[in-house]
Amino acid sequence: MSATVSFTVASARGEQRVTLSYTRRGRGEPLLLLHGIGHHRQVWDPVIPALAAERDVIAVDLPGCGESAALPDGMAHDLPTMSMVLAALFEALEIQRPHVAGNSLGGLLALDLARARLVRSVTALSPAGFWNEAERRYAFTVLSTMREIARRMPPPLVERLARPALGRTLLTSTIYARPGRRSPEAVVAETLALARAQGFSETLRSGRTVRFTDDIVGTPVTVAWGNRDRLLIPRQGVRAKGVIPGARLVRLPGCGHVPMNDDPALVARVVLDGSR
């Protein structure tokens with residue numbers, strides 16, 4: 001069952017109220033799960049049962065994604081603001097320095113929280129921010145195209161395409177290495193989530209100048225990359241290791257940009273090992 005939490009965050013226009021949707025399951029040390037741009041928290045569903053056996057797992061819809069509303073006027077969908085919102089979320093949920101695992105944009109946010117020493121550990125799956133300019137332009141072009149296609153397709157067409165494995169491949173092969181493993185219902189839901197994500201365009205615009213260039217000391221960091229990532233190519237993992245020399249770099253064989261559905265057992269083990 002999903003829940004919502006509301007809290008106030010400082011902004012240029014004074015205190016603003018933010019409401020986020022999330023699910024919480026399991027027991028143990030808190031583990032926050034962060035999805036990528038235009039996605040929703042359900043992308044973590046394949047790994048949550050294994051994670052919840054050992055952690056208090058909180059999967060959240062980022063602002064302007066899934067069931068969470070966009071940020072109020074005067075609050076930008078950029079990295080500093082999103083990190084500030086997540087820090088306020090920790091207080092609202094009464095979780096101090098949780099472990100955090102994030103994918104793509106969520107991985108970048110997790111690393112930014114670690115840079116601010118707000119988390120116990122980070123597992124970043126194909127995190128954004130380690131691209132060169134050509135790689136960034138390529139990724140943003142692909143994401144913009146995916147978004148436009150999703151917005152133009154009527155929901156009944158999405159449902160028809162998602163039924164056969166070939167249709168699911170057409171809809172999601174950019175982010176999954178094994179799209180046929182994703183259920184038709186999940187593909188429909190995430191395609192509609194991408195089409196309806198209120199914060200998508202502003203988040204993408206704010207990312208044009210983002211590079212993660214700071215070392216992280218004192219917080220365990222795992223960076224994991226699918227060897228079949230077609231959006232943020234795997235050599236960016238080597239670049240991340242260069243920026244954060246103490247990070248554990250893990251390869252995810254047979255996995256794409258969003259690896260949780262490609263190999264749930266492997267990804268769950270990487271996250272659990274990274275949050276010891």
Side-chain angles (χ1 to χ4, degrees), residues 20-23 29-48 51 55-66 68 77-87 89-90 93 95 97-131 139 143 175 190 193 197 199 203 206-207 210 212 214 216 219-226 229 231-232 236-237 240 243-244 247-250 252 255-262 264 267-268 270-275:
L20 299 182
S21 180
Y22 70 98
T23 55
E29 295 182 346
L31 169 63
L32 186 72
L33 304 179
L34 303 175
H35 60 75
I37 185 173
H39 231 144
H40 58 175
R41 65 178 188 270
Q42 288 85 352
V43 73
W44 292 98
D45 284 354
V47 299
I48 284 179
L51 297 178
R55 301 284 183 272
D56 172 14
V57 180
I58 303 153
V60 63
D61 281 328
L62 292 171
C65 296
S68 292
H77 286 77
D78 58 14
L79 183 59
T81 304
M82 297 283 269
S83 294
M84 182 172 58
V85 167
L86 291 172
L89 173 68
F90 298 168
L93 295 179
I95 51 174
R97 298 188 71 243
H99 302 285
V100 181
N103 173 226
S104 196
L105 168 63
L108 172 63
L109 287 168
L111 291 169
D112 195 52
L113 292 167
R115 178 164 52 185
R117 299 182 179 274
L118 295 175
V119 300
R120 302 185 202 190
S121 72
V122 166
T123 303
L125 310 175
S126 295
F130 295 99
W131 42 47
L143 288 167
I175 59 173
E190 61 194 10
T203 301
S206 73
V210 169
F212 197 92
D214 295 335
I216 294 173
T219 301
V221 174
T222 298
V223 175
W225 228 283
D229 192 331
L231 186 64
L232 299 181
Q236 293 176 36
V243 172
I244 312 169
R248 180 176 66 123
L249 179 60
V250 179
L252 304 175
C255 291
H257 181 64
V258 181
M260 294 81 84
N261 196 77
D262 288 329
V267 171
V270 169
V271 172
L272 289 172
D273 287 348
S275 60

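This one's a predicted model, so the numbers in the text were calculated from it and none came from an experiment.
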Cut-off 3.5 Å, side chains only: do [X] and [Y] have a donor facing an acceptor?
{"X": "S104", "Y": "H257", "value": "yes"}
{"X": "H39", "Y": "E190", "value": "yes"}
{"X": "D61", "Y": "H40", "value": "no"}
{"X": "R117", "Y": "T219", "value": "no"}

With a 4.5 Å limit on heavy-atom distance, are the side chains of [X] and [Y] in contact?
{"X": "L32", "Y": "F90", "value": "yes"}
{"X": "D273", "Y": "T222", "value": "no"}
{"X": "P46", "Y": "V267", "value": "no"}
{"X": "S126", "Y": "Q236", "value": "no"}
{"X": "L111", "Y": "I244", "value": "yes"}

task = Walk me through it: do V270 and T123 pass the test side chain to side chain contact (heavy atoms under 4.5 Å, CB included)?
result = CA-CA 8 Å; V270 169; T123 303; 4.1 Å; yes
Taking all non-hydrogen atoms of both residues, which atom of [X] and which atom of [Y] are closest, and how far apart?
{"X": "A197", "Y": "G38", "result": "CB-CA, 4.0 Å"}
{"X": "H99", "Y": "S275", "result": "CE1-O, 3.1 Å"}
{"X": "V223", "Y": "A247", "result": "CG2-CB, 4.3 Å"}
{"X": "F212", "Y": "F130", "result": "O-CE2, 3.6 Å"}
{"X": "L118", "Y": "A87", "result": "CD1-CB, 3.9 Å"}
{"X": "S68", "Y": "P63", "result": "CB-CA, 4.3 Å"}

Side chain to side chain donor-acceptor pair (under 3.5 Å) involving D214 - partner list, sequence neighbours excluded =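 Per chain and number, D214 pairs via side chain to side chain donor-acceptor pair (under 3.5 Å) with R115.
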query = Among all residues two or more places apart in sequence or in another chain, which pass the ring-ring contact (aromatic ring centres under 6.0 Å, His included) test with Y22?
reply =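 With sequence neighbours excluded, Y22 shows a ring-ring contact (aromatic ring centres under 6.0 Å, His included) to no residue whatsoever.
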Verify, without hydrogens or angle tests, whether [X] (side chain) and [Y] (backbone) share a donor-acceptor contact under 3.5 angstrom.
{"X": "S83", "Y": "P80", "answer": "no"}
{"X": "R41", "Y": "V60", "answer": "no"}
{"X": "D229", "Y": "G256", "answer": "no"}

Rounded distance [0.5 Å steps], [atom1] in [X] versus [atom2] in [Y]:
{"X": "I37", "Y": "L109", "atom1": "CD1", "atom2": "CG", "value": "10.5 Å"}
{"X": "I48", "Y": "I58", "atom1": "CD1", "atom2": "CD1", "value": "11.0 Å"}
{"X": "R55", "Y": "L33", "atom1": "CZ", "atom2": "CG", "value": "11.5 Å"}
{"X": "M82", "Y": "L34", "atom1": "CE", "atom2": "CG", "value": "9.0 Å"}
{"X": "Q42", "Y": "M260", "atom1": "CD", "atom2": "CE", "value": "11.5 Å"}
{"X": "H35", "Y": "C65", "atom1": "NE2", "atom2": "SG", "value": "4.5 Å"}

inquiry  = If we check side-chain contact (heavy atoms from CB on, under 4.5 Å) with W225, which of these qualifies: V250, L252, L232, L125?
reply    =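 With W225 as partner, V250, L252, L232, L125 yield a single side-chain contact (heavy atoms from CB on, under 4.5 Å), made by L232.
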inquiry  = Quick one, L105 with L62, criterion side chain to side chain contact (heavy atoms under 4.5 Å, CB included). Give me CA distance, side-chain angles, the key distance, then yes/no.
reply    = CA-CA 10 Å; L105 168 63; L62 292 171; 4.2 Å; yes
key: Pair D56-L31, side chain to side chain contact (heavy atoms under 4.5 Å, CB included): steps then yes or no   = CA-CA 6 Å; D56 172 14; L31 169 63; over 6 Å; no
ask   = Does the side chain to side chain contact (heavy atoms under 4.5 Å, CB included) test come out yes or no for L89 and I95, once each step is laid out?
value = CA-CA 9 Å; L89 173 68; I95 51 174; 5.8 Å; no
